[in-house]
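Below is one structure, written out as C-alpha coordinates, with a few remarks after it.
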There are 2 protein chains.
Amino acid sequence: MATTHEKPRSSTASTRSPAAPARRADAQRSIAAILDAAIESLSRNPDASVSEIAKTAGVGRVTVYGHFPNRADLVEAALTQAIDDGHAALDAVDLTGDPREALARLIDSSWQLVNQSRSLLIAAQDVLPPSKIRDLHAGPVKRVERLVERGRTEGAFRTDLPTSWLVSVMHSVMHSAADEITAGRLTPDKAADYITATVLPAFSPSEKR
Amino acid sequence: MATTHEKPRSSTASTRSPAAPARRADAQRSIAAILDAAIESLSRNPDASVSEIAKTAGVGRVTVYGHFPNRADLVEAALTQAIDDGHAALDAVDLTGDPREALARLIDSSWQLVNQSRSLLIAAQDVLPPSKIRDLHAGPVKRVERLVERGRTEGAFRTDLPTSWLVSVMHSVMHSAADEITAGRLTPDKAADYITATVLPAFSPSEKR
DNA sequence: CTCTTGTCGAACACCGGTGTACGAGTTAGT
DNA sequence: ACTAACTCGTACACCGGTGTTCGACAAGAG
(Lines give C-alpha, C1' and ligand atoms only; values in the text may rest on other atoms or scores of the structure.)
Protein backbone atom coordinates (compact mmCIF):
# COMPACT_ATOMS: atom_id res chain seq x y z
CA MET A 1 0.00 0.00 0.00
CA ALA A 2 1.51 3.27 -1.04
CA THR A 3 -1.22 5.85 -0.56
CA THR A 4 -1.07 7.99 2.54
CA HIS A 5 -4.36 8.96 4.08
CA GLU A 6 -4.61 12.69 3.70
CA LYS A 7 -7.85 14.64 3.81
CA PRO A 8 -8.40 15.73 0.22
CA ARG A 9 -9.65 19.28 0.16
CA SER A 10 -12.28 20.53 -2.22
CA SER A 11 -11.56 22.20 -5.53
CA THR A 12 -10.30 25.48 -4.11
CA ALA A 13 -6.75 25.60 -2.75
CA SER A 14 -5.67 22.13 -1.64
CA THR A 15 -4.35 22.56 1.87
CA ARG A 16 -1.90 19.69 2.46
CA SER A 17 -0.41 18.73 5.78
CA PRO A 18 3.08 20.19 6.60
CA ALA A 19 5.66 18.24 4.60
CA ALA A 20 3.45 16.55 2.04
CA PRO A 21 5.22 14.27 -0.45
CA ALA A 22 2.93 15.70 -3.17
CA ARG A 23 0.11 13.59 -4.58
CA ARG A 24 0.29 12.15 -8.05
CA ALA A 25 -2.04 13.36 -10.80
CA ASP A 26 -3.32 9.83 -11.09
CA ALA A 27 -4.41 9.74 -7.48
CA GLN A 28 -6.03 13.16 -7.54
CA ARG A 29 -8.21 12.02 -10.38
CA SER A 30 -9.51 8.97 -8.56
CA ILE A 31 -10.03 10.88 -5.35
CA ALA A 32 -12.17 13.36 -7.23
CA ALA A 33 -14.04 10.53 -8.94
CA ILE A 34 -14.64 8.78 -5.63
CA LEU A 35 -15.88 11.94 -3.99
CA ASP A 36 -18.27 12.66 -6.83
CA ALA A 37 -19.46 9.07 -6.86
CA ALA A 38 -20.00 9.18 -3.11
CA ILE A 39 -22.14 12.28 -3.41
CA GLU A 40 -24.10 10.75 -6.24
CA SER A 41 -24.59 7.32 -4.67
CA LEU A 42 -25.39 8.58 -1.20
CA SER A 43 -27.83 11.05 -2.65
CA ARG A 44 -29.72 8.15 -4.14
CA ASN A 45 -29.40 5.84 -1.17
CA PRO A 46 -28.26 7.07 2.27
CA ASP A 47 -26.65 3.75 3.13
CA ALA A 48 -24.94 2.88 -0.10
CA SER A 49 -22.08 0.47 0.49
CA VAL A 50 -18.47 1.28 -0.23
CA SER A 51 -18.61 -1.23 -3.06
CA GLU A 52 -21.46 0.64 -4.71
CA ILE A 53 -19.63 3.92 -4.43
CA ALA A 54 -16.46 2.42 -5.81
CA LYS A 55 -18.38 0.91 -8.69
CA THR A 56 -20.08 4.15 -9.71
CA ALA A 57 -16.68 5.85 -9.42
CA GLY A 58 -15.28 3.30 -11.86
CA VAL A 59 -12.70 2.30 -9.32
CA GLY A 60 -11.79 -0.72 -7.18
CA ARG A 61 -13.15 -0.95 -3.68
CA VAL A 62 -9.63 -1.27 -2.34
CA THR A 63 -8.59 1.94 -4.00
CA VAL A 64 -11.22 3.73 -1.98
CA TYR A 65 -9.70 2.40 1.22
CA GLY A 66 -6.40 3.57 -0.12
CA HIS A 67 -7.54 7.17 0.20
CA PHE A 68 -10.06 7.07 3.02
CA PRO A 69 -9.37 5.11 6.20
CA ASN A 70 -12.98 4.04 6.58
CA ARG A 71 -16.51 4.60 5.40
CA ALA A 72 -17.28 7.32 7.94
CA ASP A 73 -14.38 9.46 6.80
CA LEU A 74 -15.48 9.06 3.22
CA VAL A 75 -19.01 10.19 4.02
CA GLU A 76 -17.65 13.16 5.90
CA ALA A 77 -15.43 14.15 3.03
CA ALA A 78 -18.34 13.84 0.61
CA LEU A 79 -20.60 15.98 2.75
CA THR A 80 -17.89 18.58 3.18
CA GLN A 81 -17.38 18.67 -0.56
CA ALA A 82 -21.09 19.01 -1.28
CA ILE A 83 -21.58 21.69 1.32
CA ASP A 84 -18.84 24.02 0.34
CA ASP A 85 -19.57 23.52 -3.32
CA GLY A 86 -23.03 24.80 -2.47
CA HIS A 87 -21.56 27.49 -0.30
CA ALA A 88 -19.59 28.73 -3.26
CA ALA A 89 -22.65 28.65 -5.50
CA LEU A 90 -24.58 30.80 -3.06
CA ASP A 91 -21.95 33.48 -3.16
CA ALA A 92 -23.45 34.55 -6.46
CA VAL A 93 -26.73 35.53 -4.84
CA ASP A 94 -27.34 39.21 -4.23
CA LEU A 95 -28.40 39.68 -0.62
CA THR A 96 -28.65 43.45 -0.62
CA GLY A 97 -31.79 45.54 -0.95
CA ASP A 98 -35.19 44.71 0.52
CA PRO A 99 -34.68 41.82 2.98
CA ARG A 100 -37.88 40.13 1.88
CA GLU A 101 -36.83 40.07 -1.74
CA ALA A 102 -33.30 39.08 -0.82
CA LEU A 103 -34.67 36.18 1.18
CA ALA A 104 -36.77 35.11 -1.76
CA ARG A 105 -33.69 35.06 -3.94
CA LEU A 106 -31.72 33.11 -1.37
CA ILE A 107 -34.47 30.56 -0.96
CA ASP A 108 -34.71 30.12 -4.67
CA SER A 109 -31.03 29.24 -4.94
CA SER A 110 -30.75 27.25 -1.74
CA TRP A 111 -33.70 25.11 -2.62
CA GLN A 112 -32.06 23.18 -5.42
CA LEU A 113 -29.00 22.46 -3.34
CA VAL A 114 -31.02 21.18 -0.41
CA ASN A 115 -33.24 19.16 -2.69
CA GLN A 116 -30.34 17.44 -4.39
CA SER A 117 -28.31 16.39 -1.42
CA ARG A 118 -30.79 15.86 1.36
CA SER A 119 -30.34 12.11 1.37
CA LEU A 120 -26.63 12.63 1.56
CA LEU A 121 -27.28 14.47 4.77
CA ILE A 122 -29.25 11.52 6.07
CA ALA A 123 -26.31 9.28 5.32
CA ALA A 124 -24.05 11.61 7.26
CA GLN A 125 -26.40 11.66 10.24
CA ASP A 126 -26.14 7.89 10.51
CA VAL A 127 -22.38 7.97 10.74
CA LEU A 128 -21.18 11.32 12.02
CA PRO A 129 -21.69 12.80 15.46
CA PRO A 130 -24.28 15.61 15.46
CA SER A 131 -21.60 18.07 16.51
CA LYS A 132 -19.67 17.47 13.32
CA ILE A 133 -22.79 17.91 11.20
CA ARG A 134 -23.49 21.23 12.82
CA ASP A 135 -19.92 22.37 12.27
CA LEU A 136 -20.14 21.61 8.58
CA HIS A 137 -23.42 23.48 8.29
CA ALA A 138 -22.16 26.46 10.22
CA GLY A 139 -21.16 28.37 7.10
CA PRO A 140 -24.44 28.21 5.17
CA VAL A 141 -26.46 28.81 8.32
CA LYS A 142 -24.46 31.92 9.12
CA ARG A 143 -25.36 33.34 5.75
CA VAL A 144 -29.07 33.00 6.39
CA GLU A 145 -28.74 34.26 9.94
CA ARG A 146 -27.05 37.44 8.82
CA LEU A 147 -29.79 38.19 6.36
CA VAL A 148 -32.50 37.51 8.91
CA GLU A 149 -30.80 39.71 11.48
CA ARG A 150 -30.64 42.56 9.02
CA GLY A 151 -34.29 42.09 8.15
CA ARG A 152 -35.17 42.29 11.82
CA THR A 153 -33.37 45.54 12.47
CA GLU A 154 -35.01 47.01 9.41
CA GLY A 155 -38.43 45.96 10.62
CA ALA A 156 -39.07 43.56 7.77
CA PHE A 157 -38.95 40.42 9.91
CA ARG A 158 -40.51 39.61 13.25
CA THR A 159 -38.49 39.80 16.46
CA ASP A 160 -40.78 37.88 18.80
CA LEU A 161 -39.12 34.59 17.91
CA PRO A 162 -35.40 33.70 18.05
CA THR A 163 -33.41 33.97 14.86
CA SER A 164 -32.31 30.36 15.20
CA TRP A 165 -35.93 29.29 15.16
CA LEU A 166 -36.72 31.23 12.03
CA VAL A 167 -33.71 29.79 10.25
CA SER A 168 -34.73 26.32 11.32
CA VAL A 169 -38.24 26.85 10.01
CA MET A 170 -36.99 27.92 6.63
CA HIS A 171 -34.75 24.89 6.54
CA SER A 172 -37.56 22.54 7.47
CA VAL A 173 -40.05 23.95 5.00
CA MET A 174 -37.57 23.28 2.26
CA HIS A 175 -37.27 19.70 3.39
CA SER A 176 -41.01 19.51 3.49
CA ALA A 177 -41.12 20.49 -0.15
CA ALA A 178 -38.66 17.77 -0.99
CA ASP A 179 -40.86 15.21 0.75
CA GLU A 180 -43.92 16.43 -1.09
CA ILE A 181 -42.13 16.00 -4.36
CA THR A 182 -41.13 12.42 -3.67
CA ALA A 183 -44.73 11.83 -2.56
CA GLY A 184 -45.87 13.04 -5.94
CA ARG A 185 -48.06 15.83 -4.54
CA LEU A 186 -45.83 18.64 -5.75
CA THR A 187 -43.91 19.35 -8.92
CA PRO A 188 -40.34 20.66 -8.67
CA ASP A 189 -41.05 23.80 -10.64
CA LYS A 190 -43.63 25.08 -8.18
CA ALA A 191 -41.59 24.24 -5.12
CA ALA A 192 -39.60 27.44 -4.75
CA ASP A 193 -42.69 29.60 -5.09
CA TYR A 194 -44.58 27.60 -2.48
CA ILE A 195 -41.69 27.83 -0.09
CA THR A 196 -41.32 31.59 -0.28
CA ALA A 197 -45.09 32.05 -0.20
CA THR A 198 -45.09 30.14 3.05
CA VAL A 199 -41.94 31.39 4.71
CA LEU A 200 -42.35 35.11 4.09
CA PRO A 201 -45.63 35.47 6.01
CA ALA A 202 -44.19 33.33 8.78
CA PHE A 203 -41.24 35.71 9.05
CA SER A 204 -43.24 38.91 8.95
CA PRO A 205 -44.03 40.99 12.05
CA SER A 206 -47.46 40.44 13.57
CA GLU A 207 -49.10 43.28 11.49
CA LYS A 208 -50.89 45.30 14.17
CA ARG A 209 -54.05 43.20 14.93
CA MET B 1 -43.42 -23.75 17.02
CA ALA B 2 -46.88 -23.24 18.35
CA THR B 3 -47.69 -19.59 17.84
CA THR B 4 -49.65 -18.63 14.75
CA HIS B 5 -48.69 -15.32 13.19
CA GLU B 6 -51.75 -13.15 13.44
CA LYS B 7 -51.68 -9.38 13.24
CA PRO B 8 -52.43 -8.23 16.77
CA ARG B 9 -54.80 -5.30 16.63
CA SER B 10 -54.63 -2.35 18.96
CA SER B 11 -56.68 -1.96 22.10
CA THR B 12 -60.00 -1.32 20.41
CA ALA B 13 -61.88 -4.33 19.08
CA SER B 14 -59.40 -7.05 18.15
CA THR B 15 -60.29 -8.13 14.65
CA ARG B 16 -59.13 -11.73 14.28
CA SER B 17 -59.03 -13.68 11.06
CA PRO B 18 -62.08 -15.91 10.31
CA ALA B 19 -61.86 -19.01 12.46
CA ALA B 20 -59.33 -17.96 15.07
CA PRO B 21 -58.36 -20.63 17.61
CA ALA B 22 -58.42 -17.91 20.30
CA ARG B 23 -55.15 -16.62 21.71
CA ARG B 24 -54.10 -17.46 25.24
CA ALA B 25 -54.01 -14.81 27.95
CA ASP B 26 -50.32 -15.46 28.36
CA ALA B 27 -49.59 -14.69 24.75
CA GLN B 28 -51.70 -11.54 24.64
CA ARG B 29 -49.67 -10.19 27.53
CA SER B 30 -46.34 -10.72 25.83
CA ILE B 31 -47.60 -9.37 22.53
CA ALA B 32 -48.64 -6.18 24.28
CA ALA B 33 -45.31 -6.04 26.09
CA ILE B 34 -43.40 -6.54 22.86
CA LEU B 35 -45.39 -3.87 21.07
CA ASP B 36 -44.84 -1.37 23.86
CA ALA B 37 -41.16 -2.25 24.02
CA ALA B 38 -40.86 -1.84 20.28
CA ILE B 39 -42.39 1.62 20.43
CA GLU B 40 -40.13 2.57 23.29
CA SER B 41 -36.92 1.13 21.86
CA LEU B 42 -37.46 2.37 18.34
CA SER B 43 -38.32 5.80 19.66
CA ARG B 44 -34.93 5.91 21.28
CA ASN B 45 -33.04 4.37 18.40
CA PRO B 46 -34.55 3.94 14.93
CA ASP B 47 -32.57 0.82 14.21
CA ALA B 48 -32.81 -1.01 17.46
CA SER B 49 -32.24 -4.72 16.98
CA VAL B 50 -34.83 -7.36 17.69
CA SER B 51 -32.71 -8.48 20.64
CA GLU B 52 -32.88 -5.03 22.19
CA ILE B 53 -36.62 -4.87 21.79
CA ALA B 54 -37.05 -8.32 23.27
CA LYS B 55 -34.84 -7.39 26.18
CA THR B 56 -36.74 -4.23 27.08
CA ALA B 57 -39.94 -6.22 26.74
CA GLY B 58 -38.60 -8.68 29.28
CA VAL B 59 -39.01 -11.47 26.78
CA GLY B 60 -36.85 -13.87 24.80
CA ARG B 61 -35.83 -12.94 21.29
CA VAL B 62 -37.36 -16.14 20.02
CA THR B 63 -40.70 -15.27 21.54
CA VAL B 64 -40.78 -12.17 19.40
CA TYR B 65 -40.35 -14.24 16.28
CA GLY B 66 -43.11 -16.42 17.61
CA HIS B 67 -45.57 -13.57 17.15
CA PHE B 68 -44.09 -11.56 14.32
CA PRO B 69 -42.70 -13.26 11.22
CA ASN B 70 -39.89 -10.74 10.83
CA ARG B 71 -38.54 -7.42 11.95
CA ALA B 72 -40.40 -5.42 9.33
CA ASP B 73 -43.77 -6.72 10.41
CA LEU B 74 -42.96 -5.91 13.99
CA VAL B 75 -42.05 -2.35 13.12
CA GLU B 76 -45.21 -1.98 11.13
CA ALA B 77 -47.32 -3.28 13.99
CA ALA B 78 -45.60 -0.91 16.40
CA LEU B 79 -46.17 2.09 14.16
CA THR B 80 -49.78 1.15 13.65
CA GLN B 81 -50.24 0.85 17.38
CA ALA B 82 -48.59 4.20 18.07
CA ILE B 83 -50.56 5.96 15.37
CA ASP B 84 -54.00 4.90 16.30
CA ASP B 85 -53.29 5.35 19.96
CA GLY B 86 -52.53 8.94 19.04
CA HIS B 87 -55.53 9.05 16.78
CA ALA B 88 -57.70 8.13 19.72
CA ALA B 89 -56.06 10.73 21.94
CA LEU B 90 -56.78 13.45 19.40
CA ASP B 91 -60.47 12.63 19.43
CA ALA B 92 -60.66 14.55 22.68
CA VAL B 93 -59.67 17.81 20.99
CA ASP B 94 -62.46 20.27 20.26
CA LEU B 95 -62.22 21.31 16.63
CA THR B 96 -65.29 23.53 16.50
CA GLY B 97 -65.39 27.31 16.72
CA ASP B 98 -62.86 29.71 15.24
CA PRO B 99 -60.63 27.67 12.90
CA ARG B 100 -57.52 29.51 14.02
CA GLU B 101 -58.10 28.71 17.65
CA ALA B 102 -59.12 25.17 16.81
CA LEU B 103 -55.88 24.74 14.89
CA ALA B 104 -53.92 26.03 17.83
CA ARG B 105 -55.58 23.45 20.06
CA LEU B 106 -54.91 20.69 17.57
CA ILE B 107 -51.28 21.66 17.21
CA ASP B 108 -50.86 21.72 20.94
CA SER B 109 -52.08 18.14 21.27
CA SER B 110 -50.47 16.77 18.15
CA TRP B 111 -47.13 18.17 19.08
CA GLN B 112 -46.43 15.84 21.98
CA LEU B 113 -47.40 12.81 19.94
CA VAL B 114 -45.16 13.75 17.05
CA ASN B 115 -42.33 14.63 19.38
CA GLN B 116 -42.44 11.29 21.17
CA SER B 117 -42.57 8.94 18.25
CA ARG B 118 -40.73 10.70 15.47
CA SER B 119 -37.77 8.36 15.59
CA LEU B 120 -40.18 5.46 15.43
CA LEU B 121 -41.30 6.91 12.13
CA ILE B 122 -37.73 7.00 10.93
CA ALA B 123 -37.40 3.34 11.79
CA ALA B 124 -40.50 2.60 9.77
CA GLN B 125 -39.24 4.54 6.77
CA ASP B 126 -36.16 2.34 6.65
CA VAL B 127 -38.21 -0.82 6.46
CA LEU B 128 -41.64 -0.11 5.06
CA PRO B 129 -42.54 1.01 1.55
CA PRO B 130 -43.58 4.68 1.43
CA SER B 131 -47.05 3.66 0.33
CA LYS B 132 -47.65 1.80 3.56
CA ILE B 133 -46.45 4.72 5.62
CA ARG B 134 -48.87 7.02 3.88
CA ASP B 135 -51.72 4.60 4.42
CA LEU B 136 -51.05 4.49 8.13
CA HIS B 137 -50.93 8.28 8.32
CA ALA B 138 -54.07 8.71 6.31
CA GLY B 139 -56.30 8.95 9.38
CA PRO B 140 -54.49 11.71 11.28
CA VAL B 141 -53.87 13.64 8.09
CA LYS B 142 -57.55 13.60 7.21
CA ARG B 143 -58.34 15.20 10.51
CA VAL B 144 -56.07 18.15 9.86
CA GLU B 145 -57.24 18.42 6.28
CA ARG B 146 -60.86 18.70 7.30
CA LEU B 147 -60.08 21.50 9.70
CA VAL B 148 -58.03 23.35 7.13
CA GLU B 149 -60.75 22.99 4.54
CA ARG B 150 -63.29 24.45 6.90
CA GLY B 151 -60.96 27.32 7.72
CA ARG B 152 -60.59 28.04 4.04
CA THR B 153 -64.30 28.23 3.31
CA GLU B 154 -64.74 30.52 6.31
CA GLY B 155 -61.99 32.81 5.07
CA ALA B 156 -59.68 32.17 8.00
CA PHE B 157 -57.04 30.34 5.95
CA ARG B 158 -55.46 31.13 2.62
CA THR B 159 -56.64 29.43 -0.54
CA ASP B 160 -53.75 30.27 -2.87
CA LEU B 161 -51.87 27.12 -1.84
CA PRO B 162 -53.09 23.51 -1.91
CA THR B 163 -54.44 22.06 1.32
CA SER B 164 -51.96 19.21 1.11
CA TRP B 165 -49.12 21.70 1.13
CA LEU B 166 -50.41 23.51 4.19
CA VAL B 167 -50.82 20.27 6.06
CA SER B 168 -47.33 19.23 5.09
CA VAL B 169 -45.92 22.54 6.31
CA MET B 170 -47.57 22.16 9.67
CA HIS B 171 -46.19 18.66 9.91
CA SER B 172 -42.69 19.73 9.03
CA VAL B 173 -42.59 22.70 11.37
CA MET B 174 -43.39 20.32 14.20
CA HIS B 175 -40.50 18.13 13.20
CA SER B 176 -38.36 21.21 13.02
CA ALA B 177 -39.20 21.93 16.63
CA ALA B 178 -38.21 18.43 17.60
CA ASP B 179 -34.85 18.88 15.92
CA GLU B 180 -34.28 22.19 17.64
CA ILE B 181 -34.92 20.54 20.97
CA THR B 182 -32.41 17.78 20.42
CA ALA B 183 -29.98 20.45 19.26
CA GLY B 184 -30.47 22.21 22.58
CA ARG B 185 -31.63 25.47 21.02
CA LEU B 186 -35.23 25.13 22.19
CA THR B 187 -36.91 23.98 25.37
CA PRO B 188 -39.91 21.63 25.13
CA ASP B 189 -42.25 23.97 27.01
CA LYS B 190 -41.90 26.76 24.45
CA ALA B 191 -42.21 24.47 21.45
CA ALA B 192 -45.98 24.46 21.04
CA ASP B 193 -46.16 28.25 21.23
CA TYR B 194 -43.41 28.71 18.66
CA ILE B 195 -45.11 26.29 16.32
CA THR B 196 -48.49 28.00 16.39
CA ALA B 197 -46.88 31.42 16.22
CA THR B 198 -45.20 30.30 13.04
CA VAL B 199 -47.90 28.24 11.40
CA LEU B 200 -50.84 30.58 11.89
CA PRO B 201 -49.39 33.48 9.90
CA ALA B 202 -48.27 31.03 7.23
CA PHE B 203 -51.85 29.80 6.94
CA SER B 204 -53.50 33.19 6.90
CA PRO B 205 -54.79 34.86 3.72
CA SER B 206 -52.47 37.41 2.13
CA GLU B 207 -53.96 40.42 4.05
CA LYS B 208 -54.47 43.07 1.36
CA ARG B 209 -50.97 43.98 0.02
C1' DC C 1 -55.36 -33.36 35.62
C1' DT C 2 -54.04 -33.29 31.27
C1' DC C 3 -52.96 -31.52 27.06
C1' DT C 4 -52.30 -27.76 24.24
C1' DT C 5 -50.16 -23.34 23.81
C1' DG C 6 -46.52 -20.49 24.81
C1' DT C 7 -41.88 -19.31 26.54
C1' DC C 8 -36.86 -19.69 26.97
C1' DG C 9 -31.94 -20.12 25.97
C1' DA C 10 -28.53 -21.89 23.32
C1' DA C 11 -26.84 -23.03 19.09
C1' DC C 12 -26.62 -22.67 14.12
C1' DA C 13 -26.46 -21.18 9.17
C1' DC C 14 -26.74 -17.28 6.53
C1' DC C 15 -26.04 -12.86 4.80
C1' DG C 16 -23.91 -8.52 3.71
C1' DG C 17 -20.90 -5.03 4.86
C1' DT C 18 -16.27 -3.64 6.67
C1' DG C 19 -11.48 -3.44 6.78
C1' DT C 20 -6.87 -5.86 5.72
C1' DA C 21 -3.24 -8.49 3.12
C1' DC C 22 -0.98 -9.88 -0.90
C1' DG C 23 0.98 -9.78 -5.49
C1' DA C 24 0.92 -8.52 -10.00
C1' DG C 25 0.16 -5.04 -13.19
C1' DT C 26 -0.03 0.05 -14.71
C1' DT C 27 0.97 4.98 -14.67
C1' DA C 28 3.22 9.00 -13.99
C1' DG C 29 6.79 11.95 -12.38
C1' DT C 30 12.10 13.18 -13.07
C1' DA D 1 14.02 4.49 -18.56
C1' DC D 2 13.80 3.80 -14.03
C1' DT D 3 11.53 4.05 -9.80
C1' DA D 4 8.13 5.15 -6.68
C1' DA D 5 3.34 5.85 -6.51
C1' DC D 6 -0.88 4.08 -7.58
C1' DT D 7 -4.55 0.66 -8.97
C1' DC D 8 -6.76 -3.78 -9.30
C1' DG D 9 -8.81 -8.29 -8.10
C1' DT D 10 -9.07 -11.87 -5.16
C1' DA D 11 -9.22 -13.70 -0.94
C1' DC D 12 -9.71 -13.59 3.91
C1' DA D 13 -11.07 -12.63 8.88
C1' DC D 14 -14.37 -10.34 11.35
C1' DC D 15 -18.53 -8.55 12.93
C1' DG D 16 -23.41 -8.01 13.93
C1' DG D 17 -27.99 -8.74 12.73
C1' DT D 18 -31.53 -12.04 11.04
C1' DG D 19 -34.32 -15.93 11.01
C1' DT D 20 -34.66 -21.04 12.27
C1' DT D 21 -34.36 -25.25 14.96
C1' DC D 22 -34.26 -27.95 19.02
C1' DG D 23 -35.50 -29.63 23.54
C1' DA D 24 -36.84 -28.63 28.13
C1' DC D 25 -39.92 -26.34 30.83
C1' DA D 26 -44.04 -23.29 32.53
C1' DA D 27 -48.70 -21.96 32.40
C1' DG D 28 -53.30 -21.52 31.12
C1' DA D 29 -57.78 -23.68 29.36
C1' DG D 30 -61.02 -27.40 29.58
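Atom set for the values below is all heavy atoms of this structure, side chains included, hydrogens, waters and symmetry mates excluded. Worth saying up front: this structure is predicted, and the values here are computed from it rather than measured. Here is how names work: the chains are called A, B, and so on, in the same order as the sequence lines, proteins then strands, and each is numbered from 1.
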What is the distance, to the nearest angstrom, from the CG atom on B:Asp126 to the P atom on D:dT18?
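Interatomic distance, CG of B:Asp126 to P of D:dT18: 12 Å.
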Nearest whole Å is fine: how far is D:dT7 C1' from A:Gln28 CD?
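To the nearest whole Å, that distance equals 16 Å.
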With a 4.0 Å cutoff (strictly under), does any side-chain N or O of B:His67 reach OP1 or OP2 of C:dT7?
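True: B:His67 side-chain N/O within range (under 4.0 Å) of C:dT7 OP1/OP2.
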Using a cut-off of less than 4.0 Å, is there contact between a side-chain N or O of B:Arg29 and OP1 or OP2 of C:dT7?
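No, B:Arg29 has no side-chain N/O under 4.0 Å of OP1/OP2 on C:dT7.
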Using side chain to side chain contact (heavy atoms under 4.5 Å, CB included) as the criterion, list what pairs up with [X], not counting sequence neighbours.
| X | result |
| --- | --- |
| B:Ile39 | B:Ser43, B:Ala78, B:Gln81, B:Ala82, B:Leu120 |
| B:Ser168 | A:Ser176, A:Glu180 |
| B:Ala104 | B:Thr196 |

Mind checking the CG-CZ spacing from A:Leu103 to A:Phe157? Nearest 0.5 Å is all I need.
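Answer rounded to 0.5 Å: 4.5 Å.
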Checking B:Ser204 against B:Arg100: is there a side-chain donor and acceptor pair closer than 3.5 Å?
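Side-chain D/A pair, B:Arg100 to B:Ser204: present.
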Tabulate atom names and distances for all N/O pairs under 3.5 angstrom spanning the protein and nucleotides 14-20 of chain C.
{"from": "C:dT18", "atom 1": "OP1", "to": "A:Arg71", "atom 2": "NE", "distance (Å)": "2.9"}
{"from": "C:dT18", "atom 1": "OP2", "to": "A:Val50", "atom 2": "N", "distance (Å)": "3.2"}
{"from": "C:dG19", "atom 1": "OP2", "to": "A:Tyr65", "atom 2": "OH", "distance (Å)": "3.3"}
{"from": "C:dG19", "atom 1": "OP2", "to": "A:Arg71", "atom 2": "N", "distance (Å)": "2.9"}
{"from": "C:dG19", "atom 1": "N7", "to": "A:Arg61", "atom 2": "NH1", "distance (Å)": "3.1"}
{"from": "C:dG19", "atom 1": "O6", "to": "A:Arg61", "atom 2": "NH2", "distance (Å)": "2.7"}

Quick check on the helix from C:dC1-D:dG30 to C:dT30-D:dA1: what's the angle between its two end axes, five base pairs per end, to the nearest 10°?
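So the angle between the two local helix axes works out to 30°.
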Can a salt bridge be assigned to the pair B:Arg118 and B:Asp179 using a cut-off of 4.0 Å between side-chain N and carboxylate O?
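Looking at B:Asp179 together with B:Arg118, the answer is yes, because their closest N to O distance falls below 4.0 Å.
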Apply side-chain contact (heavy atoms from CB on, under 4.5 Å) to A:Ile195 and A:Asp193, showing your working.
CA-CA 5 Å; A:Ile195 297 172; A:Asp193 288 342; over 6 Å; no
Please output the side-chain donor-acceptor pairs of residues 138-145 of chain B that fall under 3.5 Å, not counting sequence neighbours, one pair per line with the distance.
{"from": "B:Arg143", "atom 1": "NH1", "to": "B:His87", "atom 2": "ND1", "distance (Å)": "3.0"}
{"from": "B:Arg143", "atom 1": "NH2", "to": "B:Asp91", "atom 2": "OD1", "distance (Å)": "2.4"}

